[in-house]
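Structure first, then comments.
Here is the naming used below: chain letters follow the sequence lines, and residue numbers restart at 1 for every chain.
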Amino acid sequence: MSKGLPKRSEDYSLWYNELVKRADLAENSAVRGCMVIKPYGYSIWEKMQAELDRMFKETGHTNAYFPLFIPKSYLSKEASHVEGFAKECAVVTHYRLKNSEDGKGVVVDPDAKLEEELIVRPTSETVIWSTYKNWIQSYRDLPLLVNQWANVVRWEMRTRLFLRTTEFLWQEGHTAHASKEEAIAETVQMMNVYAQFAEEFMALPVVKGVKSENERFAGAEDTYCIEALMQDGKALQAGTSHFLGQNFAKAFDVKFATKEGGLDHVWGTSWGVSTRLMGALIMAHSDDNGLVLPPKLAPIQVVIVPIYKGEEELQKISEKAHDIMKQLRRVGITVKFDDRDTHKPGWKFAEYELKGVPLRIAMGPRDLENNTVELARRDTLTKSTLSLEGISITDYILDLLDEIQATIYSKALNFRTEMTSEANSWEEFQEILESKGGFIAAHWDGTTETEEKIKELTKATIRCIPIDAKEEEGACILTGKPSNKRVLFARAY
RNA sequence: CGGGGUGUAGCGUAGCCCGGUAUCGCGCCACAUUUGGGAUGUGGAGGUCGUAGGUUCGAAUCCUGCCACCCCGACCA
């Protein structure tokens, strides 16, 4: 293994790919486009899941599980939904294999053809709404607030670890409501939950917004989203929340008796975040030394590395390390004491930097003598000596972890602020896109034609119409037609 | 799915043009000396050369199919 990681400045995507592999997050599998999420990477995902799951439950949702397979006919019930997903569905046509004639392997048994072919879910709206039809009769059954943690398959042309894989893990919330207003409120609420999660836990500042018609989910009336900016100046959609109107209710005939005695179709929402968040986390904070993880999602928050000569010294250091470890664990900090004698301290330092452990404590004979430890922060790569004389190490480290979390966030926020520009002419727009990248707030005439033309000319797309966009008279950067607010453009993942 | 590139030990590679049984580094194993930023020495193990076929006395090397990965496009969370 060569030591250094590729530099971000030299080859950003190579840096990303190498980092994912070297930090033991994931690797490619035998199946094209599918990845193996390795234990260390999966631990981070589990932390994300745990927090999101808690937030979903706090907002009244419960988990359920719907099947992986969907009858092919279901997909076509909602017109724009088919159009959006048909091109990337894996299809199950047979249910049995048999030994091949030449005895060398197995072949699909032609006699085992399915009457109706099944698709592997690219998303679950169709199965779920066909089920909801049976669950909902009256306004008393509403709202129905369900989430599921699942894997889905979308047969993508080009894949990248975490950012776009053929199979990915996600959560999909599917809710049904008695009124349009309530459904919209739910959609907005979940966007806010995602934004809060991104900012508080991933230390990732996001822009909340609404998608243009062009970028909207297949089958939705409106798609709300959170958009983040990566270090190479490209945007990444980190989560989406859809107001489905009555589209799926109509497609699957889900009606309810209203309080007033009428019969009406229910109003739906769906919302999801996926293992793509892992990609966002990596690309937003990490550096040329490796991963930088915010303490709130780090599988190991603190690592203790002993520095010693001989068994006796290790004994003494271990004793103290175990004592510190016990104290830290008592207040909920995840600590690892790496007393392996198979690697030298310097090797371990580099290793934990690669893996993004937020805080490293080194303890050697000098520290024992002086009652100190050496602290090294991953986010700033700074080292300091901490005297343990008369302080509470748990308080100190809890505070420090909070500070690291805050520092990582503000660094990302500063970067985004710097990388967000306004463009007031077509020339300026192109110039910023080429020289700097990042988000560009610009006026747009609101038409799909203009949006597509801009995409064709510059590869930049409308990431969102920010929720907090100010009313402001202006002229579309491409057509010069009137516009009343700026939208956010960027080249995106 | 189109265009380009790559595939040789766990990882990174040389060899391929010009065919003769595979080079080097890291890692791994053993022992010794080491341990406050990826230790050093000595000895050792490890290879269906992506895969299937073809040409040839002989293929990592030439030809064909397939698979995977990377880059650039079209598509997308």
Exercise. So, A/Tyr224 versus A/His242, ring centres under 6.0 angstrom or not?
Worked result: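 When the ring centroids of A/Tyr224 and A/His242 are compared, they turn out to be at least 6.0 Å apart.
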
Return the value, rounded to whole Å, for the distance between atom [atom1] of [X] and atom [atom2] of [N].
| X | N | atom1 | atom2 | answer |
| --- | --- | --- | --- | --- |
| A/Trp347 | B/C26 | CH2 | P | 16 Å |
| A/Leu163 | B/A77 | CG | P | 14 Å |
| A/Glu167 | B/A77 | CD | P | 18 Å |
| A/Leu277 | B/A77 | CG | C1' | 10 Å |
| A/Glu353 | B/G38 | CD | P | 12 Å |
| A/Arg360 | B/G38 | CZ | P | 12 Å |
| A/Glu27 | B/C69 | CD | P | 13 Å |
| A/Arg22 | B/C26 | CZ | C1' | 11 Å |

Any base atoms under 4.0 Å from [X], or only sugar-phosphate, or nothing? Heavy atoms, all strands.
| X | value |
| --- | --- |
| A/Leu236 | nothing |
| A/Phe168 | base |
| A/Arg154 | base |
| A/Thr165 | base |
| A/Gly279 | nothing |
| A/Ser274 | base |
| A/Glu456 | nothing |

Problem set entry | 5' priority, RNA chain B, between A/Leu381 and A/Ala218 [closest heavy atom] |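 Looking at RNA chain B, the more 5' nearest nucleotide goes with A/Leu381.
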
For this session: Name the residue closer to the 5' end of RNA chain B, choosing between A/Lys383 and A/Tyr493 according to the nucleotide with the nearest heavy atom.
Result: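 Whichever sits nearer the 5' end wins; that is A/Lys383.
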
For this session: Specify whether A/Trp347 and A/His343 have parallel, tilted or perpendicular ring planes, treating 30° as the upper limit for parallel and 60° as the lower limit for perpendicular.
Result: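 Because their plane-to-plane angle is under 30°, the rings of A/Trp347 and A/His343 count as parallel.
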
Tabulated below should be each protein N or O lying under 3.5 Å from an N or O of nucleotides 29-35 of chain B; please produce it.
| residue | atom | partner | partner atom | Å |
| --- | --- | --- | --- | --- |
| B/U35 | O2' | A/Tyr308 | O | 3.2 |

Problem set entry | salt bridge (Lys or Arg N to Asp or Glu O under 4.0 Å) involving A/Arg340 - partner list, sequence neighbours excluded |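 Only A/Asp338 meet the salt bridge (Lys or Arg N to Asp or Glu O under 4.0 Å) criterion with A/Arg340.
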
Problem set entry | Test salt bridge (Lys or Arg N to Asp or Glu O under 4.0 Å) applied to A/Lys38 - qualifying residues, sequence neighbours left out |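 Residues passing salt bridge (Lys or Arg N to Asp or Glu O under 4.0 Å) with A/Lys38: A/Asp24, A/Glu27.
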
For this session: Would you list the pairs meeting side-chain hydrogen bond (donor to acceptor under 3.5 Å, both in side chains) in which at least one residue belongs to residues 295-315 of chain A, sequence neighbours left out?
Result: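 For residues 295-315 of chain A, and leaving out neighbouring residues, the side-chain hydrogen bond (donor to acceptor under 3.5 Å, both in side chains) pairs sorted by first residue read A/Gln301-A/Thr334.
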
Problem set entry | Closest listed nucleotide, where the reference is the side chain of A/Phe349 and the choices are B/G36, B/G37, B/C69 |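 When the side chain of A/Phe349 is considered, B/G37 is the closest of B/G36, B/G37, B/C69.
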
For this session: Taking only the side-chain heavy atoms of A/Pro365 (C-beta and beyond), determine which of B/A77, B/G37, B/G36 contains the nearest atom.
Result: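 For the A/Pro365 side chain, the nearest candidate turns out to be B/G36.
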
Exercise. Using Watson-Crick and G-U wobble pairs whose two distances are both under 3.5 Å, how do you write the pairing of RNA chain B as dot-bracket, with | for links to another strand?
Worked result: ((((((((.[[[..)....(...]]].((((((.....)))))).....[[[[[..)....]]]]])))))))....

State, yes or no, whether a side-chain contact exists between [X] and [Y] at a heavy-atom distance under 4.5 Å.
| X | Y | value |
| --- | --- | --- |
| A/Trp267 | A/Glu186 | no |
| A/Lys77 | A/Phe248 | no |
| A/Val357 | A/Leu293 | no |

List, with names and distances, any nitrogen or oxygen atoms from the protein found under 3.5 Å away from nitrogen or oxygen atoms belonging to nucleotides 71-75 of chain B.
| residue | atom | partner | partner atom | Å |
| --- | --- | --- | --- | --- |
| B/C71 | OP1 | A/Ser13 | OG | 3.3 |
| B/C72 | OP2 | A/Arg158 | NH2 | 2.9 |
| B/G73 | OP1 | A/Lys459 | NZ | 2.8 |
| B/G73 | N7 | A/Arg158 | NH1 | 3.4 |

[atom1] gap between [N] and [M], integer Å:
| N | M | atom1 | result |
| --- | --- | --- | --- |
| B/A52 | B/G46 | C1' | 26 Å |
| B/U21 | B/C16 | P | 14 Å |
| B/A60 | B/C49 | C1' | 5 Å |
| B/U61 | B/U56 | C1' | 13 Å |
| B/G12 | B/C69 | C1' | 15 Å |
| B/A9 | B/G27 | C1' | 11 Å |
| B/G54 | B/G19 | C1' | 15 Å |
| B/G10 | B/C71 | P | 24 Å |

Problem set entry | Check ion pair A/Arg377-A/Asp379 (N to O, under 4.0 angstrom) |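 The answer is yes: the pair qualifies as a salt bridge.
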
Heavy-atom closest contact ([X] atom, [Y] atom, distance):
| X | Y | result |
| --- | --- | --- |
| A/Trp129 | A/Thr175 | CZ2-O, 3.7 Å |
| A/Ser29 | A/Cys34 | OG-O, 2.8 Å |
| A/Val146 | A/Ala64 | CG1-CB, 3.7 Å |

Problem set entry | Distance below 4.0 Å between A/Arg366 side-chain N/O and B/G36 OP1 or OP2 |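 Negative; the distance criterion is not met.
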
For this session: Run through A/Leu75, A/Val82, A/Leu118 and flag the one making a side chain to side chain contact (heavy atoms under 4.5 Å, CB included) with A/Cys89.
Result: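 In the set A/Leu75, A/Val82, A/Leu118, the residue that makes a side chain to side chain contact (heavy atoms under 4.5 Å, CB included) with A/Cys89 is A/Leu75.
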
Exercise. Taking A/Glu227 as the fixed residue, which of A/Lys211, A/Arg416, A/Lys234 is the one that meets the salt bridge (charged side-chain N to carboxylate O under 4.0 Å, His left out) rule?
Worked result: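 The salt bridge (charged side-chain N to carboxylate O under 4.0 Å, His left out) with A/Glu227 is passed solely by A/Lys211 among A/Lys211, A/Arg416, A/Lys234.
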
